[in-house]
Trainee: 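There's a structure below that I have some questions on.
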2 protein chains.
Amino acid sequence: MISGADVNGRVLYQEGDHSFIWLGADPNLKRGVVQTNQYLIIDKGRGTLVDPGGVHLFSRVVAVVSRFININDIDTIIFSHQDPDVSSGIALWLGVTSAKIYVSSLWLRFLPHFGIVDTSRVLGIEDTASSLNLAGGNRLRFVPAHFLHSTGNYTVFDDASKIMFSGDIGAAVFPEGDEYVFVEDFDEHVKLMETFHRRYMAGNAVLRKWVSLIKSLGPSMICPQHGAIFREDTAGRFLDWLDGLRCGTDDLDSLYQMGKDV
Amino acid sequence: MISGADVNGRVLYQEGDHSFIWLGADPNLKRGVVQTNQYLIIDKGRGTLVDPGGVHLFSRVVAVVSRFININDIDTIIFSHQDPDVSSGIALWLGVTSAKIYVSSLWLRFLPHFGIVDTSRVLGIEDTASSLNLAGGNRLRFVPAHFLHSTGNYTVFDDASKIMFSGDIGAAVFPEGDEYVFVEDFDEHVKLMETFHRRYMAGNAVLRKWVSLIKSLGPSMICPQHGAIFREDTAGRFLDWLDGLRCGTDDLDSLYQMGKDV
């Protein structure tokens, strides 16, 4: 159960003028709609939003962000990929901020289909840089996570806090009312992740590529877009679990069964 | 160049009370926005829309559909997958029709993030049937196309016309103003498909699974969501080309390069 206080978010890291913030739980989450996490990184008074979410979360996320920073000071928004729960709020966010949006260049021509979008403010990650220098001199790194699950997919590593934003990797599906912020019992938590990862992640060889990049960075926490946050030893156990997971196209025959009528 | 008349669509097949219709080109397509095709299947006076498209196409698609059938007679909408160019118009389509929407059950919890969506009218394909019986007794088959590119992805085969709707498989990116409806010169057309398929499709083994299912169905045409339609011998050449294509995770090392700063 998420406590009432967590509706307003939690500071995961703060040191000097750099902070990494989890933007809280949605108290109005409806049955049948996937729960999402949003994150805010503040560096020397300038804000970066990571996967700020879909249209129907917009007003809640604006309200929580405003507790930590003036909306006008958000200058960067990162979308890990093109799914509606990540990016359908794009036109609204472009409207209330003057931020630039970073996303895999694979989706640049697709995002305008969400509605009225000023494409000059949407930048393809491959076309610009593999990392982003923040106002205070700190750096965010875009770490490829293609086909996990999205074809063009980036996870984000914050050098200062060593927090890894992992997008859909690490997603857990909670039973209603049983949400929690941090993974405490890894063995129990795996049960909430297993079905999703086995079906959505493209294959074990791809997972292993991502895990090896992440291990080389030595993250202090791993923060997914759905589910709960991994700290210290649960982060390591999570990476080891992924490393051995058979998934997606590893079993093509079951994936490509035609229905019984055919 | 698409002719002026093609703004209003083309009947690809008509026999008795069954027809398969391409819903025309968008005369206002903006630079940097991917071109999309929409299709309408009419069976005994009832309509099925396939990938009707994003928010900004909605009024044009409604207008063209209305040339062929009363909007009230649309009872089925199929989304091949969750991308915004396919499905961001979901709330608008639910509003103007009483249709049920079919999509891979992988996206049922994600689509509500597009906005206000009556989830009782959105059905997961795996949870319902592998095919759909139409009003006139004809049948549409949902053919798995997972990881090509979307994780949960269906192509659609119309038994009566033997037309295959292939979603993103077969997509071509036209130089501006050089769009055409049917593929005539396959060797030239491949140049417009190659970059997209090499990057977005998950791997050759996956493509080959899909190709073998499609070949067993013997399609008369293959109709993609972007690009041009394959008929007769170009359909066969297209399937052979896919069968040998190295793509996506086949070259993991290049896909998982970190940027040079890291």
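Heavy atoms only: backbone and side chains are in, while hydrogens, waters and symmetry mates are out. Residue numbering restarts at 1 for every chain, and letters A, B, ... go by the order of the sequence lines. As the structure is a prediction and not an experimental result, all values here were calculated from the model.
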Trainee: Given heavy-atom pairs under 4.5 angstrom as the criterion, report whether the side chain, backbone, both or neither of Ser216(B) touches chain A.
Mentor: neither
Trainee: Taking the side chain from Arg199(B) and the backbone from Leu106(A), do they hold a donor-acceptor pair closer than 3.5 Å?
Mentor: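 Looks like no, no N/O pair under 3.5 Å.
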Trainee: To the nearest 0.5 Å, what is the distance between NE2 on His149(B) and OG on Ser150(A)?
Mentor: 7.5 Å
Trainee: How are the rings of Tyr200(B) and Phe110(A) set to each other: parallel, tilted or perpendicular (split at 30° and 60°)?
Mentor: tilted
Trainee: Work out which heavy atom in Leu255(A) is nearest to a heavy atom in Pro144(B); give both atom names and the distance.
Mentor: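 Nearest heavy atoms, Leu255(A) then Pro144(B): O-CB, 3.8 Å.
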Trainee: Measuring from Leu252(B):CG to Trp210(A):CH2, what's the distance to the nearest 0.5 Å?
Mentor: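 Going from the CG atom of Leu252(B) to the CH2 atom of Trp210(A) covers 15.0 Å.
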Trainee: Heavy-atom distances under 4.5 Å only: say whether Leu213(B) touches chain A with side chain, backbone, both or neither.
Mentor: side chain
Trainee: Give the minimum heavy-atom separation between Asp83(B) and Gln82(A), together with the two atoms involved.
Mentor: OD1-NE2, 2.7 Å
Trainee: Taking C-beta and beyond as the side chain, do Asp253(B) and Lys209(A) meet within less than 4.5 Å on heavy atoms?
Mentor: yes
Trainee: Side-chain contact, heavy-atom cut-off 4.5 Å: Val173(B) with Arg109(A)?
Mentor: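 Side-chain contact under 4.5 Å: yes.
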Trainee: Do you know the tightest heavy-atom contact between Thr249(A) and Val206(B)?
Mentor: CG2-CG2, 3.7 Å
Trainee: Heavy-atom cut-off 4.5 Å, strictly under: side chain, backbone, both or neither for Thr36(A) against chain B?
Mentor: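 When you check distances to chain B, only side chain atoms of Thr36(A) fall under 4.5 Å.
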Trainee: Which class fits the ring pair Tyr256(B) and His146(A): parallel under 30°, tilted 30 to 60°, perpendicular over 60°?
Mentor: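 Tyr256(B) and His146(A): perpendicular rings.
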